[in-house]
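Lettering of chains follows the sequences in order, A, B, ..., and the numbering in each one begins at 1. Bear in mind the structure is a predicted one, so any value in this text is a computation, not a measurement. All values below come from the heavy atoms of this structure, side chains included, with hydrogens, waters and symmetry mates left out.
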Amino acid sequence: MRYSQMLLPTTKENPAEAEVVSHQLLLRGGFIRKLTSGLYTYLPIGLMAMQKVENIVRQEMNRAGAQELLMPMVQPADLWQESGRWQKYGPELLRFKDRHDRDYCLGPTHEEVITDIARRELHSYRQLPMNLYQIQTKFRDEIRPRFGLMRGREFVMKDAYSFDASDAAAGESYRKMHEAYTRIFKRCGLEFRPVEADSGTIGGSFSHEFMVLADTGEDTLVICRECDYAANVEKAKIVLSEKVTTDGNLEECSKVETPGMKKVERVADFLGVTPKEVIKTMIYLADGEPVAVLVRGDREVQSVKLKNLLDVTEVELADDDTVWKLTKLPVGYIGPVDIPIKLVADQEVMQMVNAVAGAGEKGHHLTGVNPGRDFTPVMTGDLRQITAEDSCPFCNGSLELTEGIEVGHIFKLGTNYSEAMDATFQDKEGSQQPLVMGCYGIGVSRVVAAAIEQNHDQNGIIFPLPLAPFQVIVLNLGLKNEKTTAAAEKLYLDMQATGLDVLYDDRDERPGSKFKDADLLGIPYRVTVGKTWEKEGKVELRLRRNGETSIIDYDRAAGIIADMVQAELKSTEDIA
RNA sequence: CGGAACGUGGCGCAGUCUGGUAGCGCACUUGACUGGGGGUCAAGUGGUCGGAGGUUCAAAUCCUCUCGUUCCGACCA
């Protein structure tokens, strides 16, 4: 590609609207332009970068035995009603009517459509296993799109769906995808971790997220320092410490005055105890229904865990007004004893003895509160956020918390969808069985953003070679000199002939601008044709990654670089 | 949905408090010089100041409404 002919508008200044590095650099480098909130146009170089990711994904999916197809983005409501998600999915699902007043939605994911295909086309165990995937634009009406490609409303996703005859076979499909994903992200040159995850609105029994480690990540992960355990904090299991023995010495409940003391710390301080000895009572609205949730005073509720325990689709912390309406109490004095609201407790609370809790009366708390005797939750379970002080549920090792960007997510769906939508096959014995499903997503456009978050410096992007829209840029610094220009042109054509993705900077710009743009765009190899060629017939090769510079023979340049690129690409494939 | 900020040539901003002929830098056009890390000089093009309504002799500026964008929050009782 000739730079002079390409739509590649770079800017020196950071756009005001971009907060995170990947967003800034994507805009500055002319990769994307915003249409409106959460919606972006991919300019040519942006599309090229994304297609690099797509191709790696395609290769690995095909290698794993999956087949590519393409489903409609517009989906009829009745399929979603069949699966039950028309009600369940919430406002993220963009719904609309056609001219005949029929309901439709824009596909945020495609379980319904693929299950419909499966029930029509898969009839026999002989056709299984089957894995089908597509790479396509998805639409999710996010509450708050942000960070450019990181959380857009429209984004490119690879989604795959597996169909198996048995749970064991589905496990094998899942394992294959886990392996394929690992290869994909390795080949993309990303530093990532597969972690145990919550399955969210997709549903299903078991899932892993693939997380790119980066500070700007929206998810928090917990990673064991000693074993392989890694999980999203939404999922991370908490190991209960040994139950405290009390010598059967349970105190009586007694009420104490705690005027103006709403915060756990204040109350604990005042009563001469630690927050660990206080029971915190939080009022949530679970699908609109009030629930009182108990955790130890020094803990935090993990809302996803709460959602799962209650088996609801939405939990929300009640605001002060709602709390007042429900309990006739100001926030801070609610307690579990005789509370007129559905009560659930974190497992840890049930071990507490002689605790402090809100008295259910303004300005008062209770001491000597004992779970089981003074209150009985309708449900208990693991409800709190894990901390770095907790220990690994597998090996008891110490844990580390870190931020991550979710670039892939794989789910074992089981028969949720196939049963709801009556997608069955005939087994060997001739009886109808529901297809056992799995689904597997990769945020293709997000991978581009994540790669930039992880690979940049103050001068711009540093693309891992497999994702680089161009592998090489040739700078012509001798535009006024016909011979130099001819030499640069020839080098460009020679490189193209070897199959390299090469950008030829033939613009009438000063050298400084060309260097800056080459850096900004993150092109791994840069070849300069200029003075050194005029004087000694050599060109300068510089690596974007580390700034390493070498002078090579002009005649051999195309071959040398093609070899280097091939070797490097091959090594990334080998590692994966 | 709550809170905040911002909307002025393509981009980044000043001007708004205190109403009085719309400005700066970058980019763009033309020319000259220059030519290895975003160069210099000169001459230009381009904006009904997000939109609607109001106040006023006069509105980018004051008032009301509205649309859009971004950030924070959706977090501990």
Q: Tell me which residues in residues 267-299 of chain A put a heavy atom below 4.0 Å from RNA chain B, sorted by number, or none.
A: A:K280, A:T281, A:M282

Q: When you measure from the side chain of A:R146 to the backbone of A:G38, do you find a donor-acceptor pair of N or O atoms at a distance under 3.5 Å?
A: no

Q: Given B:C76, B:C71, B:A74, identify the nucleotide with an atom nearest to the side chain of A:V301.
A: B:C76

Q: What distance, rounded to whole Å, do you find between the two P atoms, one in B:U64 and one in B:C6?
A: 15 Å

Q: For a quick check, with a 4.0 angstrom heavy-atom cut-off, what is the B/S/- contact string for nucleotides 35-40 of chain B, read 5' to 3'?
A: BBBBB-

Q: Calculate the interatomic distance between A:Q24 atom CD and B:U70 atom P; express it in whole Å.
A: 14 Å

Q: Determine the Euclidean distance between corresponding C1' atoms of B:G20 and B:U30; express it in Å to zero decimal places.
A: 36 Å

Q: With both distances kept under 3.5 Å, what pairs with B:A58, Watson-Crick or G-U wobble?
A: none

Q: Pick the C1' atom in B:U69 and in B:G31, then give their distance to the nearest Å.
A: 41 Å

Q: By the ring-ring contact (aromatic ring centres under 6.0 Å, His included) test, which pairs, at least two apart or in different chains, include something from residues 473-492 of chain A?
A: A:Y492-A:Y504

Q: Taking atom P in both B:G10 and B:U48, compute the distance separating them and give it to the nearest angstrom.
A: 9 Å

Q: Rounded to whole angstrom, note down the P distance from B:U56 over to B:C63.
A: 16 Å

